[in-house]
Amino acid sequence: MDNNLKRSIILEHYQNPHNKGLIDDDTYIKTNMNNESCIDELNIMVKIEDDIVKDIKFDGEACALCISSASIMTDTLIGKKTKEVEKILENFLNMTTEKEYDKELLGEAIVYEDVSKTPNREKCVLLSWWGIEKILNELKNN
Ligand code: ZN
């Protein structure tokens with residue numbers, strides 16, 4: 001994907017983030033994520049039913065990379081089975097750490113394929129995805 005297109009997708013998700021804004025609903029699992037190397041602080045809530053990620057919402061103060069990545073993350077993961085979500089998370093992490101990954105699984109999230117070249121921004125991009133990973137891990141351990 002060419003760099004101008006990547007930048008415009010990131011900007012679009014930053015200016016008009018999808019699924020931003022929390023709701024009052026106890027059926028969601030919530031987590032709070034902080035990135036000390038940036039201003040990023042996100043609250044994330046996920047509804048999982050019958051092993052399917054039914055909905056994700058997020059809110060918080062964060063930089064453009066972090067907000068856009070959270071928005072793309074929600075688009076990428078909502079509607080997927082938890083097993084698929086785990087696979088996508090693994091591939092996304094691989095992409096951002098220069099390991100092999102499956103482009104097909106990641107969709108629009110490949111706009112961050114070069115973020116490993118700017119390691120201080122990696123956490124911004126990964127923060128929301130780590131939040132989902134944390135929630136899935138907590139569910140497994142319960
Ligand atoms: Zn950031």
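Every number for a ligand or one of its atoms is a count from 1 in the order of the listing.
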Residues that, via side-chain heavy atoms closer than 4.5 angstrom, fall in one hydrophobic cluster with Leu11: none
Quick test of your reading of the model: are Lys117 and Glu122 salt-bridged, counting only N-O distances below 4.0 Å? no
Does Met45 sit in a hydrophobic cluster with other residues, and if so which ones, taking ILVMFWY side chains as linked at heavy-atom separations under 4.5 Å, directly or through other members? Leu22, Ile23, Tyr28
Can you tell me how the ring of Tyr112 sits relative to the ring of Phe92, calling it parallel under 30°, perpendicular over 60° and tilted otherwise? perpendicular
Between Cys66 and the Zn ion (ligand 1), is there a contact where an N/O/S atom of the residue lies under 2.8 Å from the metal? no
With the Zn ion (ligand 1) as the point of reference, which N/O/S atom of Asp40 is the closest? OD2
If you round to 10 degrees, what value do you get for the angle at the Zn ion (ligand 1) between Cys63 atom SG and Cys124 atom SG? 110°
